[in-house]
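What follows is one structure encoded as structure tokens, with my remarks underneath.
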2 protein chains.
Amino acid sequence: MRIGELSAATGVDVETIRYYEREGLLAAPARQTNGYRAYGTSHLERLAFIRHCRALEIPLADIQRLLDFAARPTAECGDIDHLIDEQLLKVRARLKSMRALEKQLGELRKRCNAHHAVGECGILHELVAAAHGEACACHGDALSSTGGKRK
Amino acid sequence: MRIGELSAATGVDVETIRYYEREGLLAAPARQTNGYRAYGTSHLERLAFIRHCRALEIPLADIQRLLDFAARPTAECGDIDHLIDEQLLKVRARLKSMRALEKQLGELRKRCNAHHAVGECGILHELVAAAHGEACACHGDALSSTGGKRK
DNA sequence: TGAAACTCTGTAGCCGCTCCAGGGTCAAGG
DNA sequence: CCTTGACCCTGGAGCGGCTACAGAGTTTCA
């Protein structure tokens, strides 16, 4: 199977497949005499596994760990549970902040429905009010956990 | 006000403040004779505005646009409404996929609660089953919109 | 006086891709 | 036989929004 066929079979972009190989997630396949990558069914399965994990937003580094576990079937699986638990916690935390966000944006949106001059725009007023530290309809305490990476 | 004080006053990291300046979001301040940045209250307000928008996960490019609008108070504000609407749509779409995600991870997590060998681990089995295209408890149709940028 | 805390510039790294340039390879059609 | 177009290759840059250095100068306090 050439890379384009693997791509079509899995729905994964050709560039992404090569990227996974570079990152060591997908084993480097054999090559045809012309240098083209030649994939087998094991690659197909592995790639499907990776994509399934990615659909669950598991980071590539953790997928690597899962693959390592899968290769040692006699090991303890506690770490797998833990990994999924952590992923679940991450998702729940994010969900919580997204819900707050939706509410805030919704409140903000209500401030302006008509077309008028920017100077009268309730949305902009509200955003500027926040800059003065005044109470504002849209904004609770969501300044933390905005998605940026903090150490 | 020096950069450290501005940072303390707003809770924005010093490096981030300099980053906003480089990106053109925050006007370059005057300099003291020693080369240190000297900020005034206008910078403080503007930075608070930016952070408030970022807390709403408005992209920097859109914040730039909002700032441009604010500078021309006689313009029409329809575009502001539109910008917030789009942001709201983005958040709602993301919220939807996150909810599905939580459900899937929750299902997956149920597959394994005890410590036993990896070969028996329901989680790993489930993930591998997906690789074979079998039906799996955790996975609906969330392969699209996983956060990666697609064109 | 000297050490700690601050500031400066410039650059590289993070994640997970995505896209591009500049080439080689191959099958089908004229 | 030659061209066209689809495919494949490598290597490198770019995205967003920071974050983290290195290596230098400056200020502040004991």
Side-chain angles (χ1 to χ4, degrees), chain A residues 1-26 28-39 43 47 50-65 87 90 94 97 101 143-151, chain B residues 1-26 28-39 43 47 50-65 87 90 94 97 101 143-151:
Chain A
M1 203 179 352
R2 298 198 310 196
I3 199 167
E5 298 171 74
L6 182 61
S7 170
T10 56
V12 180
D13 193 278
V14 165
E15 305 267 22
T16 304
I17 295 173
R18 284 195 281 247
Y19 170 72
Y20 288 160
E21 182 182 330
R22 276 201 302 285
E23 296 298 299
L25 277 150
L26 196 58
R31 298 286 183 139
Q32 294 172 357
T33 46
N34 58 15
Y36 289 12
R37 288 171 178 81
Y39 294 99
H43 292 98
L47 186 53
I50 293 171
R51 288 315 278 191
H52 189 70
C53 292
R54 286 297 301 133
L56 298 171
E57 298 194 14
I58 297 171
L60 294 184
D62 285 349
I63 296 175
Q64 183 74 274
R65 291 178 54 208
Q87 187 60 24
K90 263 193 253 173
R94 181 80 180 123
S97 80
L101 199 51
L143 271 162
S144 47
S145 75
T146 54
K149 289 154 222 153
R150 312 202 188 290
K151 66 172 166 184
Chain B
M1 203 178 354
R2 299 198 310 196
I3 199 167
E5 299 171 74
L6 182 61
S7 169
T10 56
V12 180
D13 194 278
V14 165
E15 306 264 23
T16 304
I17 296 174
R18 284 195 282 249
Y19 170 73
Y20 287 161
E21 182 182 329
R22 275 202 302 284
E23 296 298 299
L25 277 149
L26 195 59
R31 297 288 182 138
Q32 295 172 356
T33 45
N34 57 15
Y36 287 13
R37 287 170 179 82
Y39 294 99
H43 292 98
L47 186 53
I50 293 170
R51 287 315 278 190
H52 189 70
C53 292
R54 286 297 300 134
L56 297 172
E57 298 194 14
I58 297 172
L60 293 184
D62 285 348
I63 298 176
Q64 183 73 276
R65 290 178 55 207
Q87 188 60 24
K90 264 192 251 173
R94 180 78 178 126
S97 80
L101 200 50
L143 270 162
S144 48
S145 76
T146 55
K149 290 153 218 151
R150 312 203 189 288
K151 67 171 169 185

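To find a chain, count down the sequence lines: A is the first, B the second, and so on, and within it residues start at 1.
- With DNA chain D read from its 5' end, the first of the two nearest nucleotides for Ile58(B) and Arg2(B) is the one closest to Ile58(B).
- Using a 4.0 Å cut-off, some side-chain N or O of Tyr20(A) falls inside it from OP1 or OP2 of dC17(C).
- No donor-acceptor pair closer than 3.5 Å links the side chain of Glu57(A) to the backbone N or O of Leu101(B).
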### Task
In sequence, state the C-alpha distance, the side-chain angles, and the governing distance for Ile50(A) and Arg54(A), and then conclude on side chain to side chain contact (heavy atoms under 4.5 Å, CB included).
CA-CA 6 Å; Ile50(A) 293 171; Arg54(A) 286 297 301 133; 4.3 Å; yes
Under 3.5 Å, side-chain donor or acceptor atoms of residues 1-17 of chain A against the rest of the protein: list the pairs with distances, not counting sequence neighbours.
unit_1: Glu5(A); atom_1: OE2; unit_2: Arg2(A); atom_2: N; d: 3.0
unit_1: Ser7(A); atom_1: OG; unit_2: Val12(A); atom_2: O; d: 2.7
unit_1: Thr10(A); atom_1: OG1; unit_2: Leu6(A); atom_2: O; d: 2.8
unit_1: Thr10(A); atom_1: OG1; unit_2: Val12(A); atom_2: N; d: 3.3
unit_1: Asp13(A); atom_1: OD1; unit_2: Glu15(A); atom_2: N; d: 2.8

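- Scanning both residues, Pro29(B) and Ala38(B), for their nearest heavy atoms gives CB-O, 3.4 Å.
- A straight line from CD1 of Ile17(B) to C1' of dT7(C) spans 12 Å, rounded to a whole angstrom.
- One interatomic measurement links the two molecules: CG of Leu6(B) to P of dC6(C), which rounds to 15 Å at whole-angstrom precision.
- Rounded to a whole Å, the CE atom of Met1(A) is 16 Å from the C1' atom of dC7(D).
- For the pair Leu47(A) CG and dC17(C) C1', the computed distance is 14 Å after rounding to whole Å.
- For the residue pair Glu23(B) and Gln64(B), the shortest heavy atom distance occurs at O-NE2, 4.1 Å.
- If you find the closest nucleotide of DNA chain D to Thr16(B) and to Asn34(A), the one lying nearer the 5' end belongs to Asn34(A).
- The base of dG25(D) sits with one of its N or O atoms less than 3.5 Å from a complementary donor or acceptor on the side chain of Tyr36(B).
- Here the C1' atom of nucleotide dC14(C) and the CD atom of Glu23(A) are 12 Å apart, to the nearest Å.
- Regarding Leu56(A), its CG atom lies at a distance of 16 Å from the C1' atom of dG16(C), rounded to whole Å.
- The separation between Asp62(B) atom CG and dG16(D) atom P is 11 Å, rounded to whole Å.
- Considering every non-hydrogen atom in both Gln87(A) and Pro59(A), the closest pair reads OE1-CD, 3.6 Å.
- In this structure, the CD atom of Glu21(B) is 18 Å from the P atom of dG17(D), given to the nearest Å.
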Every protein N/O within reach of nucleotides 9-11 of chain C N/O, cut-off under 3.5 Å:
unit_1: dT9(C); atom_1: OP1; unit_2: Arg31(B); atom_2: NH1; d: 3.3
unit_1: dT9(C); atom_1: OP1; unit_2: Arg31(B); atom_2: NH2; d: 3.0
unit_1: dT9(C); atom_1: OP2; unit_2: Arg37(B); atom_2: NH1; d: 3.0
unit_1: dT9(C); atom_1: OP2; unit_2: Arg37(B); atom_2: NH2; d: 2.7

- Query: Between Leu60(B) and Tyr20(B), does a side chain to side chain contact (heavy atoms under 4.5 Å, CB included) hold up when you go through it step by step?
  - Reply: CA-CA 9 Å; Leu60(B) 293 184; Tyr20(B) 287 161; 3.9 Å; yes
